[in-house]
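Everything on this sheet refers to the single structure shown next.
Throughout, protein chains are lettered first and strands after them, A, B, ... in sequence-line order, and every chain is numbered starting at 1.
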Amino acid sequence: MPELPEVETVRRGLERRVVGACIDRVEVTGERTVRRLGREAIIDGLTGTHVVTARRRGKYLLCDLDSGGVLMMHLRMSGRVLVAPLGALRPAHTHVALTMSRTDSSGFEVWFVDPRTFGEVVVFDRDDEARVAPELARLGPDPIAEGLDVATLRGILRGRRGNLKALLLNQHAIAGIGNIYADEILHRARLRDDRVPASLGADAVRRLHAAIHDVLTAAVAAGGSTLDDTQYVDVDGATGWFQTEHRVYGRAGERCLTCGRGRIVRRVVAGRTTCACLVCQR
DNA sequence: AACTGTCCCTGCAAGC
DNA sequence: TGCTTGCAGGGACAGT
């Protein structure tokens, strides 16, 4: 599932392939993907504009346009952004297709493909962000795009009485972590998912801080995780390989790779499938 | 304010 | 073999 590392990999692909190009034509075939504003707003907001930047906030992709507009995309569970040659056969569930061009080369297409249709494509004027996309202002700090220091993390943990995993998944607390990386981070930090955040001591906070940074950085370097049941690929269709580095996610029943003693247990925490080694993680 | 449970949706795998 | 069922999960929202 696209989390921070996967979305960052897509962002880098957009930066490489799409920034500087002009959107000549916009086709919207999936109404649900544009449910927030409707088809006309997407077509009107994008057609004839140049893409100036490719940014990311948590799991949100944001492209500034030379019109003063912003293209916002969220992949949610099954969304993909693909760059393809002009006229290439579009995959099933291609809901938005952009025909783009550069002055110095031939055109190409950008597709938003999303079988489960949880994903979204939104376009708004920069001045309208608070009205059209209020969720952006509610996001917590992004550990990679903005950095997250130990003091800030300590502040986020302070007074929190739920469980630690739910806090890591809470985009209002920290932006970008999803189910896979939450489990990997907690394992690296040697902390149980059901710890009460406010109860973590100084050493545990430092371990958690390092684990957030280390896991996300390594996953970004690996181009994200492509799972058996996911279709996550970057804009060029390449898979990630961080799944080969997973130490707990998807390893239920296996012996722990870290301590060699425990077995990875699988249970539901914060309403999500959770994998952990209860020998390493305390 | 903080936290939990529900819902949206499709593809795939397991079970009968 | 072919059906049904369950599961996967991000985030908004409603309900505590």
Side-chain angles (χ1 to χ4, degrees), chain A residues 1-11 29-37 56-62 72-81 91-96 112-122 129-140 142-143 155-186 193-200 216 219 224-233 240 242-243 246 248-253 266-275:
Chain A
M1 315 296 149
E3 304 179 28
L4 187 153
E6 291 76 30
V7 180
E8 174 62 17
T9 304
V10 171
R11 186 201 69 76
T29 48
E31 289 301 325
R32 204 176 125 75
T33 299
V34 297
R35 57 193 173 275
R36 190 175 311 201
L37 299 171
R56 183 186 57 75
R57 282 269 291 139
K59 300 170 195 170
Y60 291 83
L61 287 164
L62 298 161
M72 179 175 94
M73 294 183 283
H74 199 302
L75 307 176
R76 284 294 230 286
M77 306 296 307
S78 60
R80 303 158 77 174
V81 177
H93 311 293
T94 301
H95 303 307
V96 178
F112 189 90
V113 181
D114 185 14
R116 289 180 221 178
T117 70
F118 287 130
E120 260 200 285
V121 174
V122 181
E129 180 189 304
R131 183 176 58 82
V132 179
E135 67 264 48
L136 292 174
R138 292 195 286 262
L139 291 175
D142 181 304
I156 290 167
L157 296 166
R158 189 172 296 140
R160 300 286 187 151
R161 303 181 312 277
N163 62 60
L164 188 52
K165 174 155 179 177
L167 184 61
L168 290 180
L169 293 174
N170 182 350
Q171 303 301 298
H172 302 153
I174 302 170
I177 299 170
N179 197 44
I180 296 168
Y181 294 104
D183 281 5
E184 294 299 321
I185 287 166
L186 288 168
D193 39 63
D194 56 359
R195 287 287 298 271
V196 174
S199 76
L200 298 192
L216 294 179
S225 303
T226 299
L227 305 175
D228 297 341
D229 65 334
T230 333
Q231 306 166 45
Y232 165 72
V233 287
F242 194 71
Q243 67 281 2
H246 291 175
V248 285
Y249 186 86
R251 291 189 179 277
R266 178 183 184 278
R267 59 219 164 102
V268 175
V269 177
R272 296 284 176 247
T273 301
T274 299
C275 297

Can you pull the side chain to side chain donor-acceptor pair (under 3.5 Å) pairs that have at least one residue in residues 168-180 of chain A, sequence neighbours excluded? Lys165(A)-Asn179(A)
Rounded interatomic separation in angstrom, taking [atom1] from [X] and [atom2] from [N]:
| X | N | atom1 | atom2 | answer |
| --- | --- | --- | --- | --- |
| Asn170(A) | dT4(B) | CG | P | 10 Å |
| Arg32(A) | dC9(B) | CZ | C1' | 6 Å |
| Leu157(A) | dC3(B) | CG | P | 11 Å |
| Leu75(A) | dG10(C) | CG | P | 12 Å |

Side-chain N or O of [X] closer than 4.0 Å to phosphate OP1/OP2 of [N]:
| X | N | value |
| --- | --- | --- |
| Tyr249(A) | dG9(C) | yes |
| Thr273(A) | dA8(C) | yes |
| Ser78(A) | dA8(C) | no |

Salt bridge (Lys or Arg N to Asp or Glu O under 4.0 Å), that's the test. Do Asp114(A) and Arg80(A) meet it? Break it down for me. CA-CA 6 Å; Asp114(A) 185 14; Arg80(A) 303 158 77 174; over 6 Å; no
Using a heavy-atom cut-off of 4.0 Å across all strands, would you classify Gly162(A) as base, sugar-phosphate, or nothing? sugar-phosphate
Which atoms of nucleotides 11-15 of chain C (N or O only) lie under 3.5 Å from a protein N or O atom, and what are those distances?
unit_1	atom_1	unit_2	atom_2	d
dG11(C)	OP1	His74(A)	NE2	2.6
dG11(C)	OP2	Lys59(A)	NZ	3.0
dG11(C)	OP2	Gln171(A)	NE2	3.4
dG11(C)	O4'	Arg76(A)	NE	3.3
dG11(C)	O6	Arg272(A)	NH2	3.3
dA12(C)	OP1	Tyr60(A)	OH	3.1

Nearest heavy atom decides the nucleotide; on that basis, is His93(A) or Ala166(A) closer to the 5' end of DNA chain B?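 That would be Ala166(A).
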Could you measure the distance from the OH atom of Tyr60(A) to the CG atom of Asp142(A)? Nearest 0.5 Å is fine. 12.5 Å
Examine the side chains of Thr117(A) and His95(A) and answer whether a donor and an acceptor come within less than 3.5 Å of each other.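 His95(A) and Thr117(A) do not have a side-chain donor-acceptor pair below 3.5 Å.
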Pair Glu3(A), Tyr232(A): side-chain N/O donor-acceptor within cut-off below 3.5 Å: no
If each end axis of the helix from dA2(B)-dT16(C) to dC16(B)-dG2(C) is fitted on five C1' pair positions, the angle between them, to 10 degrees, is 50°
Lys/Arg N to Asp/Glu carboxylate O, [X] vs [Y], below 4.0 Å:
| X | Y | value |
| --- | --- | --- |
| Asp183(A) | Arg272(A) | no |
| Glu135(A) | Arg138(A) | no |
| Glu120(A) | Lys59(A) | no |

When you measure only distances, ignoring hydrogens and angles, does the side chain of Arg160(A) come within 3.5 Å of the base of dA2(B) through a donor and an acceptor?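 No, the side chain and the base share no sub-3.5 Å donor-acceptor pair.
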Determine whether Ile174(A) and Leu168(A) make a side-chain contact, defined as any pair of heavy atoms from C-beta on separated by less than 4.5 Å.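 Counting from C-beta outward, Ile174(A) and Leu168(A) do come under 4.5 Å.
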